[in-house]
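Data first, discussion second: the structure below is written as structure tokens.
Within every chain, numbering begins at 1; the chains are lettered A, B, ... in the order of the sequence lines, protein sequences first and strands thereafter. Here the structure is a predicted model, which means the values were calculated and not measured.
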2 protein chains.
Amino acid sequence: MLKKETQNLEIDNLDIQILTQLMQDATKPYTEIAKELIISGGTVHVRMKKLADMGIIKGSHLIIDPKKAGYDITAFLGIYLEKGSLYKDAVEQLSKIKEVVELHYTTGSYSMFAKITCRDTDHLRHVLNEEIQAVKGIQRTETLISLEESIKRQIELL
Amino acid sequence: MLKKETQNLEIDNLDIQILTQLMQDATKPYTEIAKELIISGGTVHVRMKKLADMGIIKGSHLIIDPKKAGYDITAFLGIYLEKGSLYKDAVEQLSKIKEVVELHYTTGSYSMFAKITCRDTDHLRHVLNEEIQAVKGIQRTETLISLEESIKRQIELL
DNA sequence: GTTGAAAAGTGCTGCGA
DNA sequence: TCGCAGCACTTTTCAAC
């Protein structure tokens, strides 16, 4: 009885189907999913618990429309650092700017790449000129403004 | 009785506090939120209904960890189109590539900017060389591979 | 517009196959 | 391991303030 749990660490097709449904609508009742997949509600629950224990499920977010909430502008920022070693410090400072919603350490021409969301062009200018430029270690930035978000989705597991 | 609804189209502080909580965890019970804000569960429900009717709430997503689901690589793609007029057509074709999770029409050097998620370097190479290059109208692309996602969050409404 | 409680539906747990 | 049934909880509704 040494082996405690040889638990199914595989993700099978059923898991993927459950996840796919909940990735589109996290509040979808388990019972409804169960009906569609022709299994019991309990099974959905067991699978979800397994996936949660495995750490695949990170949580659930309510998705709001940034435009309707007054945030009209999405922009991407290619950031050049003075020295690559300043990366960690820059992350810390940038994380304090709430308009920075994504930050990646990337290969290619830029040192870092950020996605920012602003209310309007004035707000964007303020964030770029005051907030971002004040971050130590940033040499210069290149801005790409998103005029239209044509696709926005999560990866399909299928 | 001509004016049907002069409904509160403003978002007040209470709305924002409710949204902020649910944006972090969409499954958080209304009753718990109500307790924290010292209001009744019914009020939370009424406010959420108002926000949903206003279209601010787009839905809820279950967030999975792409790494643990076997998707290890995030990359950004600067896309140059042969002609700007090919945009609409390119969007349609790119939307069929499930690895493309975001697509923006942008100002700046690139015509379009995409975010893609892949299983591994082989998968990335396949998507870039076979899928993306097959899209008509794309002249060339520039790839930025994300080595680390340092920040990932939604905009704060506060 | 908010409250508090009642009704309906959902999520969770243990037992049986 | 999966499915079923009972219990606890949440959501939703509604009358009253």
When the distance from CE of B:Met48 to P of D:dT13 is rounded to whole Å, what number comes out? 14 Å
Nearest to the A:Thr31 side chain among D:dT12, C:dT10, C:dG1, which nucleotide is it? C:dT10
Write down the distance between NZ (A:Lys50) and P (D:dC2), rounded to a whole number of angstrom. 8 Å
Any donor-acceptor pair under 3.5 Å linking the side chain of A:Thr43 with the backbone of A:Ile39? no
Phosphate-side-chain proximity, B:His45 and D:dT11, N/O vs OP1/OP2 below 4.0 Å: no
State whether B:Thr43 places a side-chain N or O below 4.0 Å from either non-bridging phosphate oxygen (OP1 or OP2) of C:dT3. yes
With sequence neighbours excluded, tell me which residues meet salt bridge (charged side-chain N to carboxylate O under 4.0 Å, His left out) with A:Glu142. A:Arg140
Are any of A:Arg47's side-chain N or O atoms less than 4.0 Å away from OP1 or OP2 of D:dC2? yes
Nucleotide of D:dC2, D:dT11, D:dG3 approaching A:Ser40 most closely (side-chain heavy atoms): D:dG3
Could you give the CG-to-P distance, from A:Leu22 to C:dT10, as a whole number of Å? 14 Å
Rounded distance in Å - NZ (A:Lys49) to P (C:dG14): 12 Å
Quickly work out the A:Lys28 NZ to C:dG11 P distance and round it to whole Å. 12 Å
In whole angstroms, the gap separating P of D:dC9 from OH of B:Tyr30 amounts to 20 Å
Surrounding CD of A:Glu82 (heavy atoms of other residues, nucleotides or ligands, distance under 6.0 Å), is the total greater than 12? yes
Go through D:dG3, C:dT10, D:dT10 for me and flag the one nearest to the A:Pro29 side chain. C:dT10
In whole angstrom, give the distance that lies between atom CG of B:Leu37 and atom P of C:dT2. 12 Å
Over how many whole Å does the gap from B:Ile33 atom CD1 to C:dT2 atom P extend? 15 Å
Would you say CD of A:Glu148 has more than 12 non-hydrogen atoms from neighbouring residues, nucleotides or ligands within 6.0 angstrom? yes
Closer to the 5' end of DNA chain C via nearest nucleotide, is it A:Gly42 or A:Glu32? A:Glu32
Got a sec, which hydrophobics cluster with A:Tyr80, joining ILVMFWY side chains under 4.5 Å apart, including via others? A:Phe76, A:Tyr110, A:Phe113, A:Leu144, B:Phe76, B:Tyr80, B:Tyr110, B:Phe113, B:Leu144
